[in-house]
Amino acid sequence: MAVSTKVLADPASLAETFAADFAAWVDAQSGDAITVALSGGSTPKRLFELWADQYADQIDWSRIQFFWGDERCVPPADPESNFGVAKQLLFDRITIPAENIHRVRGEASAEQECSRYEREIQQVVPTDQDGNPEFDLIILGMGDDGHTASIFPHQSEFLSSQAVCEVATHPQSGQQRITLTGRVLNAAKKVSVLVTGAGKADVLADVIGRQGAFAEYPVSHVEGDDVCFYIDQAAAAKL
Ligand code: 6PG
């Protein structure tokens with residue numbers, strides 16, 4: 001896995017650097033149906049706020065079709081909802097057609113929603129030569145156990161699943177989640193993994209260095225022609 005890394009001083013400068021890179025990348029895209037999958041958790045919150053504060057008019061958001069790499073099976077109003085967070089911090093503050101936002105319906109039955117979301121992806125996202133949905137960009141995070149999206153170490157079979165989405169279970173809370181599979185993550189034209197915090201330094205050193213227990217970490221298996229880790233100094237401490 002040939003990945004590139006960008007180490008930034010702190011979470012704020014990581015968000016600023018990624019936001020600037022993203023804006024330049026959007027400008028460089030042709031067409032008006034750029035497909036982007038967002039990550040959840042806490043790291044992207046600062047990015048969403050920055051997009052709304054500084055890029056509301058700098059990016060033509062109507063060109064982007066937003067999806068999620070994973071979603072918790074909770075209603076949008078739940079603070080755990082990745083869609084709910086993005087709606088509050090970003091979508092309610094920029095101009096973007098509602099039909100460009102392809103949320104996972106966390107309030108629905110997990111199995112039924114997994115199938116529905118998979119069908120929506122297959123309707124909107126073009127496929128590569130192998131029939132895989134090929135996102136233009138997938139933004140990911142990494143947990144301190146090396147999970148990414150909601151592919152956790154105890155469900156690493158999702159890395160090689162032939163499905164587009166799977167119903168995952170959080171190893172500690174048991175919370176159900178819908179996640180893209182490794183098949184889709186690895187078909188993306190571009191992947192950006194945003195990693196912050198000292199708690200991730202040991203795992204990240206193994207992942208980037210392809211050393212120690214790296215193979216046990218799902219994020220180690222994210223491959224592609226353009227995979228870049230955006231890392232703050234705290235998470236980069238052991239690199
Ligand atoms: C989620 C995710 C998950 C997240 C990592 C990192 O829904 O939680 O998408 O993969 O990106 O757990 O989360 P933090 O940014 O909160 O550390």
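Along the sequence shown, residues carry numbers from 1. Each ligand, and each atom within it, is numbered from 1 in the order the structure gives. Below, all heavy atoms of this structure are taken into account, side chains as well, without hydrogens, waters or symmetry copies. A quick note: this is a predicted structure, and the numbers were derived from the prediction, not measured.
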Hey, is [atom1] on [X] packed in by over 12 heavy atoms from elsewhere, all under 6.0 Å?
X: Asp57; atom1: CG; answer: no
X: Lys87; atom1: NZ; answer: no
X: Gln122; atom1: CD; answer: yes
X: Gln233; atom1: CD; answer: yes
X: Gln112; atom1: CD; answer: no

- Task: Look at the rings of Phe91 and Trp68 and say which category their plane angle falls in: under 30° parallel, 30 to 60° tilted, over 60° perpendicular.
- Result: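 If you compare the ring of Phe91 with that of Trp68, the planes turn out perpendicular.
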
Enumerated ligand 1 atoms positioned under 4.0 Å from heavy atoms of [X]:
X: His147; answer: 3 (C), 5 (C), 10 (O), 12 (O)
X: Arg177; answer: 1 (C), 7 (O), 8 (O)
X: Gly41; answer: 1 (C), 7 (O), 8 (O), 16 (O)

- Task: For the residue pair Thr95 and Trp61, establish whether any side-chain heavy-atom pair is separated by less than 4.5 Å.
- Result: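 Contact flag for Thr95/Trp61 side chains = no.
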
Closest protein heavy atom (residue, atom, distance) for [atom]:
atom: atom 15 (O) of ligand 1; answer: Thr43 OG1, 2.6 Å
atom: atom 8 (O) of ligand 1; answer: Arg72 NH2, 2.7 Å
atom: atom 6 (C) of ligand 1; answer: Met142 O, 3.5 Å

- Within-cut-off N or O pair, Asp70 and ligand 1, under 3.5 Å: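 Yes: some nitrogen or oxygen of Asp70 is under 3.5 Å from one in ligand 1.
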
- Task: Return yes or no for this condition: an N or O of Ser39 is under 3.5 Å from an N or O of ligand 1.
- Result: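 In this structure, Ser39 places no N or O atom under 3.5 Å from an N or O of ligand 1.
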
- From the options Ser150, Ala149, Gly40, select the one whose nearest heavy atom is closest to atom 3 (C) of ligand 1.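 The nearest heavy atom belongs to Ala149.
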
- Message: Considering Pro218, Ala37, Gly197, Gly141 one by one, which has a heavy atom nearer to atom 11 (O) of ligand 1 than any of the others?
- Response: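 Heavy atom nearest to atom 11 (O) of ligand 1 belongs to Gly141.
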
- Query: For Lys200, is the nearest heavy atom under 4.0 Å from an atom of ligand 1?
  - Reply: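 Per 4.0 Å heavy-atom rule, Lys200 contacts ligand 1.
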
- Query: Is ligand 1 under 4.0 Å from a heavy atom in the side chain of Asn82, in the backbone, in both, or in neither?
  - Reply: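 For Asn82, the contact with ligand 1 is made by the side chain alone.
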
- Query: Pick from Asn100, Ile101, Val36: which one makes a side-chain contact (heavy atoms from CB on, under 4.5 Å) with Ile64?
  - Reply: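 Exactly one candidate clears the test, Val36.
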
